[in-house]
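Below is one structure, written out as structure tokens; the observations come after it.
Chain letters run A, B, ... following the sequence lines, proteins first, then strands; residues in each count from 1. Side chains are part of it too, since the values below use all heavy atoms of this structure and drop only hydrogens, waters and symmetry mates.
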Protein chains: 2
Amino acid sequence: MTSMSGPEDWAASPVDAVDPRARPTMKNVAALAGVGVKTVSRVINGEPNVSPATVARVRAAAESLDFHPDLHAGNLRRADGRSSTLGLLVGSVGNPFSGAMHRAIEDLASARGVAVFASSLDDDPDREEVAVSAFLRRRVDGLILTTVSKSQGYLLPELRRGTPLVFVDREPAGVQADVVVSDNAAGAAAATRHLLSYGHRRIAFLGDRTDIQTAQERRRGFLEELGRAGVATADIPVITGLHDEDAANRALIALLESEHPPTAVFSSQNLITIGAVRGLRERGAHHTVALVGFDDVPLADLLEPGVTVVAQNPYEIGRLAAARIFARLDGDRSAGRTYVVPTELITRGSGEMRPK
Amino acid sequence: MTSMSGPEDWAASPVDAVDPRARPTMKNVAALAGVGVKTVSRVINGEPNVSPATVARVRAAAESLDFHPDLHAGNLRRADGRSSTLGLLVGSVGNPFSGAMHRAIEDLASARGVAVFASSLDDDPDREEVAVSAFLRRRVDGLILTTVSKSQGYLLPELRRGTPLVFVDREPAGVQADVVVSDNAAGAAAATRHLLSYGHRRIAFLGDRTDIQTAQERRRGFLEELGRAGVATADIPVITGLHDEDAANRALIALLESEHPPTAVFSSQNLITIGAVRGLRERGAHHTVALVGFDDVPLADLLEPGVTVVAQNPYEIGRLAAARIFARLDGDRSAGRTYVVPTELITRGSGEMRPK
DNA sequence: TCCGGTCCTGACATCGATGTCACAGTTTGG
DNA sequence: CCAAACTGTGACATCGATGTCAGGACCGGA
């Protein structure tokens, strides 16, 4: 009769009914293997002191049920309570700079079986706290963040609890923690020095929104270098608040059409550089006005002229950040430090033109 | 004496000691607010029937302890058991195509309070099952994946359990589920037709590894279009197995140096297109040999000549995939369907040269 | 005044796993 | 040969939350 039993009979059968829509638990595996749940737990986690025969039976049962243990249920009771999960907050996951950082972090993380949550902020401070809270509710083991809000003081309690925190790309305010940044001021100074060395004195600065910390740093590096070179900065065109390609494009064209157009341009962010390249081309000035950009741009070497840039190293920034997180998870209790990743001037042509 | 009590006194105080290193639970909040845990739960989850005064007390207590509820502990008991988490498997999070898809998915997800895990596979089949298992252990509500393994049959039990599954960019084998892909064959055919219309007959094909499903489709589209045009495909150079810029570069140079160099090239993937552009330039052939690429390339319009491409729409692919996941989570039980996202031919110069 | 219905609240079982501990059987060592 | 140590195993409490349910306070209407 067993093979003929109706559905209600089946559902009431002593062995837990194998409903394909139900997710199997250790209890189900244990029942099928004829052992206790704790033994299943031991087998799944590779703990010692289980006889080979039992291991085999449990493995077979788990396999046949397609059992996947619930990591979070385990963490609830587990001693260290680690979720093997990291949270990453970036400008946008669609942006190549963020992508390279993300990839580096993932490379270190996946080697340790750690999964990575990523969230885009679009430089919107309101989204920052929401995103952090979403990660905290999911009990991430650590947080890597590109800061946009004015102050990160709201993270202090979390930091005190021992959650590793690393700020990348931008320095935090109101928190003492690990920080990994590019050498923004020095890179900007190097770009400026490069243009000065080719004889430029009238160098325009195209900058991002001034509430972004790196944008300030780059402007500072630019102006300080001009100061060191004895160039009066009073009549130097310093344009800020550009946040996309289009704004940069328009700003550059306005500059070219101004009374005293610059002989060189320092564009302090990759989208701004692209907007500037477009502007120069539209006005046919790409072979006369010099350009150096901050942050590398894809295919910059294939343009004519190639675009000279101060390249950042986003992969290295991500790598260092992830390394810091894991060092702290492994017990490092040293004070938070700032790690500076050097930038590199890559000359490709656009920055090596002399003023006409 | 209270204000003078020593640390051990403090630790043993009847009110649970407020250890800043301990993560507060609802129990702690309840104790501080002088209510039961269930009431805290009600307040935190915005359930009705709690007096305004109690709500205020609980909120204040939660705030002062910096309490963040444990989402996963809640899910354990919660009826639907949703983790508000999605898993995404892509080629590489550092790749702009993946980045755009990822961003689209995140945009829909974050509007619903859903967090997104991303993992890179580097087209390595071994990593696929590991990554999927990592997501399953974390109880993601749905899975969006760019497939690399031969068969996705191992996902069948999960699919039967009702976990929404969407395959993006590449069609799965052995599973019937939602699929979102570009129109690879049609796009390749359009590119080929475009080159034919400019009089080319000797068109070389540069392709990716043939175990990648989209690579096969694009080759098929190319060859079928030649067939329709009555061009004998026997002596058409079809080179496959190119998986990076360098390999493409070398292959193209070899073609140019062969006995009968092609008058046009169809490069069927973005890295291959970049390698091809480099090769043409190195041999000074970029103004004589036509080129059309599959998949857009950043700054392609600023090159000289601009690179004509068949552009995919990764954002739309991601958007559709996420929309399907959420539709299924919302109860859609219809059979899995394939959604084809159209490609678009963008003419910029490199594809509009006639054979010399 | 009494009854039934809201409103507010907390005790308790429970979700799926792991930590602790107890216990039986088997070795080991003196 | 027996105590001590080790091996293999499962019962049970527990992690942090939510679902269920029951009970007391308070309301309006008969």
Nearest-nucleotide check on DNA chain C, B/Val50 vs A/Asn45; residue mapping nearer the 5' end is B/Val50
Name the residue closer to the 5' end of DNA chain C, choosing between A/Pro24 and B/Pro48 according to the nucleotide with the nearest heavy atom.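 Nearest nucleotide further toward 5': that of B/Pro48.
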Got A/Arg324 and A/Pro164 here, is their nearest side-chain heavy-atom distance under 4.5 Å?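 SC-SC contact between A/Arg324 and A/Pro164 ruled out.
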Do the non-hydrogen side-chain atoms of A/Thr146 and A/Leu121 ever get within less than 4.5 Å of each other? no
If I take atom [atom1] in residue [X] and atom [atom2] in nucleotide [N], what distance separates them, rounded to the nearest angstrom?
{"X": "B/Arg139", "N": "C/dG16", "atom1": "CZ", "atom2": "P", "answer": "9 Å"}
{"X": "B/Asn28", "N": "D/dC15", "atom1": "CG", "atom2": "P", "answer": "11 Å"}
{"X": "B/Asp80", "N": "D/dT18", "atom1": "CG", "atom2": "P", "answer": "12 Å"}
{"X": "B/Leu76", "N": "C/dA17", "atom1": "CG", "atom2": "P", "answer": "9 Å"}
{"X": "A/Leu65", "N": "C/dG16", "atom1": "CG", "atom2": "C1'", "answer": "15 Å"}
{"X": "A/His72", "N": "D/dA17", "atom1": "NE2", "atom2": "P", "answer": "14 Å"}
{"X": "A/His68", "N": "C/dA17", "atom1": "NE2", "atom2": "C1'", "answer": "16 Å"}

Touch check for [X], heavy atoms < 4.0 angstrom, all strands: base, sugar-phosphate only, or nothing?
{"X": "B/Asn75", "answer": "nothing"}
{"X": "B/Val35", "answer": "sugar-phosphate"}
{"X": "B/Pro69", "answer": "sugar-phosphate"}

Exactly one candidate in B/Thr163, B/Val166, B/Leu165, B/Ile105 meets side-chain contact (heavy atoms from CB on, under 4.5 Å) with B/Ile325; the answer is B/Val166
Taking only side-chain nitrogens and oxygens of [X], does any of them come within less than 4.0 Å of OP1 or OP2 of [N]?
{"X": "A/Thr25", "N": "C/dC15", "answer": "no"}
{"X": "A/Ser41", "N": "C/dT18", "answer": "yes"}
{"X": "A/Thr39", "N": "D/dG10", "answer": "yes"}
{"X": "B/Ser51", "N": "C/dT9", "answer": "yes"}

In terms of side-chain geometry, is the basic nitrogen of [X] or [Y] positioned less than 4.0 Å from the acidic oxygen of its partner?
{"X": "B/Asp70", "Y": "B/Arg23", "result": "no"}
{"X": "B/Asp330", "Y": "B/Arg112", "result": "yes"}
{"X": "A/Asp122", "Y": "A/Arg127", "result": "yes"}

Minimum-distance nucleotide (side-chain atoms of A/Met26 versus D/dT18, D/dA17, C/dA17):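 The closest nucleotide is C/dA17.
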Among C/dC7, D/dG16, D/dT9, which nucleotide has an atom closest to any side-chain atom of B/Asn49?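 My answer, after comparing the listed nucleotides, is C/dC7.
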Taking atom types as modelled, is there a side-chain donor on B/Ser83 or B/Arg138 under 3.5 Å from an acceptor on the other?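 Short answer, no.
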Angle between ring planes, A/His102 versus B/His102, binned at 30° and 60°: parallel, tilted or perpendicular? tilted
With sugar-phosphate taken as primed atoms, P, OP1 and OP2 and all else as base, the protein-contact string of nucleotides 19-28 of chain D at under 4.0 Å (heavy atoms; B, S, -) is BB--------
